[in-house]
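Data block below; observations after.
Every chain is numbered from 1, with letters handed out A, B, ... down the list of sequences.
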There are 2 protein chains.
Amino acid sequence: MANIRDVADSAGVSVATVSRTLQQPERVSPKTRNKVMAAVQAVGYKPNLMAVKFRSGKTHNLVVLVPTVANVFFARVISGMQEAAAELGYSILLANTLGNSEIESHYAKMVSTSQADGLIQLRAHNPFDATMINDNGLLPMVNACEVIDDGQYPVVSLDNRAAAKAMTEHLISLGHTRIAMIKGPNSSPLTQERLVGYKDALAQANIAFDESLLFPGDFTLQAGYNAGETISHLESRPTAVFCENDETAIGAMQAFKQANLHVPNDISVAGFDDIAFSAFVDPPLTTIAQPAEEFGRTAVTLLVDLLNGKIRKAPKVIMPFELIVRESTGKALG
Amino acid sequence: MANIRDVADSAGVSVATVSRTLQQPERVSPKTRNKVMAAVQAVGYKPNLMAVKFRSGKTHNLVVLVPTVANVFFARVISGMQEAAAELGYSILLANTLGNSEIESHYAKMVSTSQADGLIQLRAHNPFDATMINDNGLLPMVNACEVIDDGQYPVVSLDNRAAAKAMTEHLISLGHTRIAMIKGPNSSPLTQERLVGYKDALAQANIAFDESLLFPGDFTLQAGYNAGETISHLESRPTAVFCENDETAIGAMQAFKQANLHVPNDISVAGFDDIAFSAFVDPPLTTIAQPAEEFGRTAVTLLVDLLNGKIRKAPKVIMPFELIVRESTGKALG
DNA sequence: GTGAAAGCGCTAACAT
DNA sequence: ATGTTAGCGCTTTCAC
């Protein structure tokens, strides 16, 4: 592989001039600039960016920790990140962590070992341990989607409480009073916040909160199906089910159908996220739309600002949500 | 940040000894080894891996070109890649190319500029252009899932022809003779091969091939819906539809339902890929299961072998498929 | 405007 | 078993 010295020799200039021509062309006379460019072509020079990154101390790599890329919502977030990163001249190092702290730790180490400039975490968990903390204390990280809101790191999140309240209000406005909730893992702050929003709406409508209407889940189709089956066989069945994501809702709907329950006549079902599939299931799913791609774009932009020292203290960005009413929710009958 | 020299000074040894202790501990006496490890702790040393990669000429990064991470099947492939890469000590640089040659080219350049050791392409398109070819000619690449089979690069694929034939035979065995096909983009070799398999099965059963039974698509839910709508309104409707992926099939089923067509009584629907959603739609989808994660693992393993010179000429790996019969396909009625 | 030269942090001969 | 030393390819003062 031709290196910068070969170009210099071929052009009859010094390596410094070649470097300048490539980095700050305006500081080189047009004449030598042409000579250099010709030499670059002639020897087929391609800069060794590993050397550049090493020398400059900037890798222009960003590590992204995703609980699972197989989640359609995260896939959209990642798309947004890719776009923003490309525009800003950064590359994304994607880590599929499966929520495993060890895997997270492994990738987080890339920041402390100068392989990446910063990190984006999509889970409410600090991936850095004591050995990774650098001299200044905090490593550059942005926390998005599911966040730890302790003011240490910039955060991009949804007002999950308000969104859950909006959905619950929608259900209540249709006459439902026994509204079940299929939840995410209790370890997830998302779940906590949404539960509060759900209770807010109940309280506002003077409906007593009933703990027995809460069902466990983990954001998967299967978990939704399992909860749906349980709910189908309940003696005093709720008339509506609010699921914490669309996969869960789709799984639950499937269970209801197999139990010969009609959605929404026998039971209304609502989801969260508005993934593409939700518009194409039968009946189309009522859900909360989140600007997934925007989440990604914002997280990257924030991280790059952080790296460039353009941010004083950890900002907190709240993204907007939208209630999407489709046909899986209807009036409470009977 | 403490560097290797600081550790050496602190331990009272040379930098070479520190390097050896970290890379090949067996070549250092236990006594100095302990001294060095203590010093590493004391000064909080974290090796600058950018320097290591630069110096060693091996980045241990692999670029992966994915048409879209939002595709559930690719998400599974990526999961498999992550796993294998982690085991082999490599990191994945994921590029969401949206099938755009310029974006592909941008990321492919990472290989020729020493930012990554090799590349995995999931689309039938050579991402390298003339400026990227290195002295030896070919850059290290493995082509998986949708492949260009010209013998230049290692390939991991499915026997799409046989799989499509198997599915068509299944439909024929149920008594169907008018079997429509909702296709992928014509530019995709996948589509060509599957069409051949479909024709194979028809010919074998002495059913005339009818070009008017072919409908365009692009692997999305929406395309499936559109084709499904068209098919619903046909005067002489096919009794079965073979879709080139599950998203397309799910979109089509939705259109059939809205046209009051019952699946499978009025029309059978089959997909391809066996994504998670397919078992949770109504009715559950008959499809072809592909070992997605294995695709990813195999591609990574092959690429690493290639990088280590363990491969002479481009191997061709054919992954197994499995026909999954669920309830979306049934006997041809009437 | 251009060149000479010093290193970034590390590995790998080569010596001892 | 350990130390010395020469770079890897590039950027960046500091001279001229």
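No side-chain heavy atom of A/Pro67 sits under 4.5 Å from any side-chain heavy atom of A/Glu146.
Between the side chains of A/Asn143 and A/Gln121, no donor-acceptor pair is found at a separation under 3.5 Å.
Each of D/dC10, C/dT11, C/dT2 was ranked by its minimum atom distance to the side chain of A/Arg27; first place goes to C/dT2. Side-chain proximity of A/Val13 to the nucleotides C/dT2, C/dG9, C/dG3 is greatest for C/dG3. Nearest nucleotide to the A/Arg20 side chain, out of D/dG9, C/dA4, D/dT4: C/dA4. Checking D/dT11, C/dT11, C/dG1 against the side-chain heavy atoms of A/Val15 singles out D/dT11 as nearest. In the set C/dG3, C/dC8, D/dT11, the nucleotide with an atom closest to the side chain of A/Ser14 is C/dG3.
Between B/Thr17 and the phosphate of D/dT2, there is no side-chain N or O to OP1/OP2 separation shorter than 4.0 Å. A/Ser56 has no side-chain polar atom (N or O) that falls below the 4.0 Å cut-off from OP1 or OP2 of D/dC10.
Although no hydrogens or angles enter the test, the distance criterion places no donor-acceptor pair under 3.5 Å between the side chain of B/Ser19 and the main chain of B/Val15. In this structure a side-chain-to-backbone donor-acceptor pair under 3.5 Å is missing from B/Glu294 to B/Thr298.
Rounded to 10 degrees, the angle separating the terminal helix axes of the helix from C/dG1-D/dC16 to C/dT16-D/dA1, each built from five base pairs, is 30°.
Residues from residues 30-40 of chain B with heavy atoms under 4.0 angstrom of DNA chain C: there are none.
For D/dG9, its base never sits under 3.5 Å from the side chain of B/Arg55 at any donor and acceptor pair.
In this structure, B/Ala86 has no side chain to side chain contact (heavy atoms under 4.5 Å, CB included) partners at least two apart in sequence or on a different chain.
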